[in-house]
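Every chain is numbered from 1, with letters handed out A, B, ... down the list of sequences.
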2 protein chains.
Amino acid sequence: MVMQQVVPENLTIQQMAQVTGLSAHTLRYYERAGLLDLVDRNQQNGYRYYNERHIKWIHFIKCLRATGMPIRDIRRYTELLYEGDHTVRDRLNLLKAHRQRVEQQLLEVKEHLEAVTRKIGYYETLD
Amino acid sequence: MVMQQVVPENLTIQQMAQVTGLSAHTLRYYERAGLLDLVDRNQQNGYRYYNERHIKWIHFIKCLRATGMPIRDIRRYTELLYEGDHTVRDRLNLLKAHRQRVEQQLLEVKEHLEAVTRKIGYYETLD
DNA sequence: CTAAACCTTAGTGCGCGCTCTAAGTCAAGC
DNA sequence: GCTTGACTTAGAGCGCGCACTAAGGTTTAG
């Protein structure tokens with residue numbers, strides 16, 4: 001039995017907002033900021049229409065944002081993406097450098113959190 | 001043999017900046033923001049003078065900041081601190097709630113970082 | 001035909017956490 | 001006495017990541 005997933009096509013910006021959890025404002029902002037090239041438009045009225053590729057791309061952008069990558073770095077990654085296959089190495093390096101920074105920061109947060117935990121422990125002895 | 005640690009007393013704001021790794025600007029800002037009550041002043045010239053208690057307190061503030069606690073929450077904590085012993089329970093709850101949020105966020109960052117790692121893995125297959 | 005509910009753009013505003021500037025005071029060294 | 005330099009204050013500026021507003025075009029329901 002093959003599960004067939006229903007894939008929404010040609011979503012309006014509001015539907016896209018629903019699906020991605022971003023606001024329509026933010027979707028337009030990301031496009032202006034160079035994070036989303038190639039958003040199709042309805043020729044009649046100029047409305048944006050998103051497809052499944054956009055959904056997946058936004059999903060990855062959210063991973064980058066959630067791990068603290070600044071908008072300008074995501075724009076850089078996007079530029080590389082649209083420059084073609086010869087930028088694969090650069091993209092790889094960019095992601096690896098990001099991962100390295102995030103892992104470093106995770107360690108630092110954990111260490112500082114331990115100090116907070118020690119303070120909590122101290123307060124609990126006062127109870 | 002008892003190790004005697006030399007404790008700096010009556011540090012100027014610049015010395016305090018050196019010791020804490022914060023800028024003098026930021027030290028003044030923290031004070032204005034209500035994170036540092038009771039900074040002694042030289043009676044003649046009004047200069048701030050910091051002591052070891054301040055150093056320890058700033059160190060803890062840095063732990064809170066490094067784990068993402070907003071300035072306003074640290075101010076709240078500071079207020080409780082100066083209200084006296086009857087706020088110990090409130091302070092404990094504040095820190096526990098913070099720890100909870102940070103741990104939750106650590107999990108989320110780790111999850112999203114895994115997606116980045118999967119992408120890295122994909123790029124590496126192209127090499 | 002009209003009202004509503006969409007969409008578009010350019011531009012402004014906001015909360016955060018600093019960071020810096022301007023104008024002035026004060027102490028020490030020459 | 002005068003310069004130098006560290007300090008003081010109030011307030012402005014900034015980079016980030018959105019969030020919102022205003023003014024206007026299009027589509028749909030009644």
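Near DNA chain C, meaning a heavy atom under 4.0 Å from it, residues 98-108 of chain B has no residue at all.
No donor-acceptor contact under 3.5 angstrom links the side chains of A:Arg91 and A:Tyr77, judged on distance only.
Here A:Asp90 pairs with A:Leu80 under the side chain to side chain contact (heavy atoms under 4.5 Å, CB included) rule; sequence neighbours left out. With sequence neighbours excluded, no residue satisfies ring-ring contact (aromatic ring centres under 6.0 Å, His included) with B:His98. For B:His112, there are no ring-ring contact (aromatic ring centres under 6.0 Å, His included) partners two or more places apart in sequence or in a different chain. For the salt bridge (charged side-chain N to carboxylate O under 4.0 Å, His left out) test, no residue two or more places apart in sequence or in another chain qualifies with B:Arg75. Here A:Gln15 pairs with A:Leu11, A:Thr12 under the side chain to side chain contact (heavy atoms under 4.5 Å, CB included) rule; sequence neighbours left out.
For the salt bridge (Lys or Arg N to Asp or Glu O under 4.0 Å) condition, the pairs that include at least one residue of residues 53-68 of chain A, sequence neighbours left out, are A:Glu52-A:Lys56. Listed by first and then second residue, the salt bridge (Lys or Arg N to Asp or Glu O under 4.0 Å) pairs that reach into residues 102-123 of chain B come to none, sequence neighbours excluded.
In this entry the distance linking CG of A:Asn10 with C1' of C:dC6 reads 17 Å, nearest Å. As a whole-Å value, the separation of A:Gln43 CD from C:dC7 C1' is 15 Å. Distance CG (B:Asn42) to C1' (C:dA28): 14 Å, rounded to an integer number of Å. The CG-C1' distance, from A:Leu22 to D:dA19, rounds to 13 Å in whole Å.
A:Tyr47 belongs to a hydrophobic cluster whose other members, connected by ILVMFWY side-chain contacts under 4.5 Å either directly or through intermediates, are A:Tyr49.
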Please list each protein N or O that sits under 3.5 Å from an N or O in nucleotides 16-23 of chain C, with the distance.
{"unit_1": "C:dC16", "atom_1": "OP1", "unit_2": "B:Arg72", "atom_2": "NH1", "d": "2.3"}
{"unit_1": "C:dG17", "atom_1": "OP2", "unit_2": "B:Ile71", "atom_2": "N", "d": "3.3"}
{"unit_1": "C:dC18", "atom_1": "OP2", "unit_2": "B:Tyr30", "atom_2": "OH", "d": "2.9"}
{"unit_1": "C:dC18", "atom_1": "OP2", "unit_2": "B:Arg65", "atom_2": "NE", "d": "3.0"}
{"unit_1": "C:dC18", "atom_1": "OP2", "unit_2": "B:Arg65", "atom_2": "NH2", "d": "3.4"}

inquiry  = Protein within reach of the bases, or only the backbone? For nucleotides 3-9 of chain D, mark each nucleotide 5' to 3' as B, S or -, using heavy atoms under 4.0 Å.
reply    = ---BSBB
For residues 22-34 of chain A, tabulate all N or O donor-acceptor pairs below 3.5 Å that involve a side-chain atom, not counting sequence neighbours.
{"unit_1": "A:Ser23", "atom_1": "OG", "unit_2": "A:His25", "atom_2": "N", "d": "3.4"}
{"unit_1": "A:Ser23", "atom_1": "OG", "unit_2": "A:Thr26", "atom_2": "N", "d": "3.0"}
{"unit_1": "A:Ser23", "atom_1": "OG", "unit_2": "A:Thr26", "atom_2": "OG1", "d": "2.9"}
{"unit_1": "A:Glu31", "atom_1": "OE1", "unit_2": "A:Arg48", "atom_2": "NE", "d": "2.6"}

